[in-house]
2 protein chains.
Amino acid sequence: MKDFALELGCLGFTMRLKRLADALIQDGKRMYKELGVDIEPNWYVIFRLLKREGEMSVTEISERIGMAHPSVIALTNKMMKAGYLSSNQCTDDSRRRLLNLSDKALEALPQLEEIWNAGERGVINALEGTNTMEILSLIEQRFSEKGFRERTIEELNKNS
Amino acid sequence: MKDFALELGCLGFTMRLKRLADALIQDGKRMYKELGVDIEPNWYVIFRLLKREGEMSVTEISERIGMAHPSVIALTNKMMKAGYLSSNQCTDDSRRRLLNLSDKALEALPQLEEIWNAGERGVINALEGTNTMEILSLIEQRFSEKGFRERTIEELNKNS
DNA sequence: TACTTTTATGTAGTTAACTACATAACTTAT
DNA sequence: ATAAGTTATGTAGTTAACTACATAAAAGTA
């Protein structure tokens with residue numbers, strides 16, 4: 001069956017992007033399940049961020065990874081529940097809650113890094129011979145400068 | 001604040017793809033709202049598909065646009081509720097339900113097409129000077145041949 | 001014809017993101 | 001020192017996708 005999204009031209013861009021991302025994430029979940037690791041896609045971002053930066057507050061994480069803060073709360077709560085994060089109220093500013101990797105997380109890291117490195121190589125393979133990452137960076141930048149809404153409305157007004 | 005996703009190498013690919021797609025979709029919603037049109041992002045796929053092909057069943061649509069059938073049901077139910085689709089039981093095969101554009105949809109189409117064409121031009125602008133669509137097609141193909149899970153597990157096994 | 005398998009649709013429950021709002025704690029300015 | 005504004009976190013509700021299961025109809029087969 002021919003994929004209709006291919007016939008939508010550039011307007012199909014968003015849909016195809018989402019479809020591809022969703023498929024990759026679903027497959028990532030299956031992978032972790034198959035490997036018997038109680039981890040979810042996305043968690044590696046928090047692991048790597050906190051490993052590099054040490055303890056961080058919810059808002060800092062949110063800004064750093066470009067995700068709305070309630071999403072970060074939901075994500076890190078799950079990681080806490082799984083025992084991978086510690087949470088401490090900041091002494092200087094009692095509003096802030098500082099998150100950090102737990103001992104369990106540090107113990108698990110070597111095995112997880114192995115998986116993530118394999119994942120990295122897998123993606124590198126899939127993207128081989130393309131400049132995908134460069135293009136992705138460029139497009140992220142262009143759409144952050146001027147979003148889809150603004151671009152479309154600008155084009156609409158050119159007509160009238 | 002520096003975007004940490006950029007520091008994740010190819011492993012950040014999925015996350016960035018999803019983040020970009022989500023942002024574009026959210027912005028699309030805001031756009032329709034601002035334009036005062038009671039349409040949602042994604043609906044244009046159904047509009048254009050049914051306009052080209054005429055009435056289609058749920059499963060046909062699902063296969064054609066690469067979306068799970070319950071998602072198609074949810075999507076088209078909303079469009080029905082908004083009055084853009086008609087639904088008729090198939091006489092030859094009473095399991096099938098045939099969906100088609102309603103009169104209201106056909107009336108609305110010219111205005112919608114104007115918006116979608118502007119959107120198309122907006123995206124073309126944003127992607128200017130890149131071979132994004134070609135690369136996207138290539139990557140879709142590669143990941144459909146061999147998914148993220150399979151690629152990662154293959155890489156993992158190379159080590160041992 | 002009757003049994004089995006396949007297909008089409010539908011429903012329920014899960015997920016991960018979002019926005020909008022609420023509240024508490026800090027900071028700034030009068 | 002108090003009021004006003006800002007910031008950090010949390011909660012509630014919405015969304016759009018998914019998988020897994022349920023059921024009814026059609027098709028194939030013994």
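Below, read A as the first sequence line, B as the second, and so on, with proteins coming before strands; counting in each chain starts at 1. Scope of the values below: all heavy atoms of this structure, side chains included, with no hydrogens, waters or symmetry mates.
Whole-Å rounding puts the B:M15 CE to C:dA16 P distance at 14 Å. Rounded to a whole Å, the NZ atom of A:K33 is 11 Å from the P atom of D:dT19. Rounded to whole Å, atom C1' of C:dT15 lies 11 Å from atom CD1 of A:I25. Following rounding to the nearest Å, B:L20 (CG) and C:dC18 (C1') show an atom-to-atom distance of 16 Å. Rounded to whole Å, atom P of D:dA8 lies 14 Å from atom CG of A:L99. Between the C1' atom of D:dC18 and the NZ atom of A:K18 lies a distance of 10 Å, rounded to the nearest Å. One atom, CG of B:L75, and another, C1' of D:dC18, lie 14 Å apart when rounded to the nearest Å. Atom CZ in A:R19 sits roughly 15 Å away from atom C1' in D:dA16 (whole-Å rounding).
Within residues 34-52 of chain B, the residues having any heavy atom under 4.0 Å from DNA chain D are, by residue number, B:E40, B:N42. Taken residue by residue, residues 135-145 of chain B places no heavy atom nearer than 4.0 Å to DNA chain C.
Taking every side-chain heavy atom of A:M67 into account, C:dA17 is the closest of C:dA17, D:dA16, D:dT19.
A salt bridge does not link B:R142 to B:E145: none of the charged nitrogens lies less than 4.0 Å from a carboxylate oxygen. Between B:R64 and A:E7 there is a salt bridge, with a side-chain nitrogen of the basic residue lying less than 4.0 Å from a carboxylate oxygen of the acidic one. Between A:K158 and A:E155 there is a salt bridge, since a side-chain N of the basic residue sits under 4.0 Å from a carboxylate O of the acidic one. Ion pairing between a basic and an acidic side chain is recognised when a charged N comes within 4.0 Å of a carboxylate O; B:E113 and B:R48 show such pairing. Ion pairing between a basic and an acidic side chain is recognised when a charged N comes within 4.0 Å of a carboxylate O; B:E40 and B:K78 show such pairing. For the pair A:R19 and A:D3, the salt-bridge criterion is met [side-chain N within less than 4.0 Å of a carboxylate O].
For the pair B:S94 and D:dA24, the criterion of a side-chain N or O lying under 4.0 Å from OP1 or OP2 is not met. Contact annotation: A:K29 side-chain N/O to D:dT19 OP1/OP2 distance is not under 4.0 Å.
Partner B:L98 forms a side-chain contact (heavy atoms from CB on, under 4.5 Å) with one of B:S87, B:C90, B:S86 and no other, that one being B:C90.
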Once base and sugar-phosphate atoms are separated, protein heavy atoms under 4.0 Å mark nucleotides 2-13 of chain C, 5' to 3', with B, S and - as -----BSBBB--

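B:E128 CD: 12 or fewer foreign heavy atoms inside a 6.0 Å radius.
Among the protein residues, A:S71 comes within range of the nucleic acid bases, having at least one heavy atom under 4.0 Å from a base atom.
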Problem set entry | Candidate pair B:S57 and B:T59, rule side-chain hydrogen bond (donor to acceptor under 3.5 Å, both in side chains), full reasoning | CA-CA 6 Å; B:S57 73; B:T59 304; 4.9 Å; no

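Judged by distance alone, with hydrogens and angles left aside, the side-chain atoms of B:S102 form a donor-acceptor pair with the main-chain N or O of B:G83 at under 3.5 Å. Side chain of A:Y44 to backbone of B:L11: a donor-acceptor contact under 3.5 angstrom is found.
Between A:F143 and A:F148, the distance separating the two ring centers is not shorter than 6.0 angstrom.
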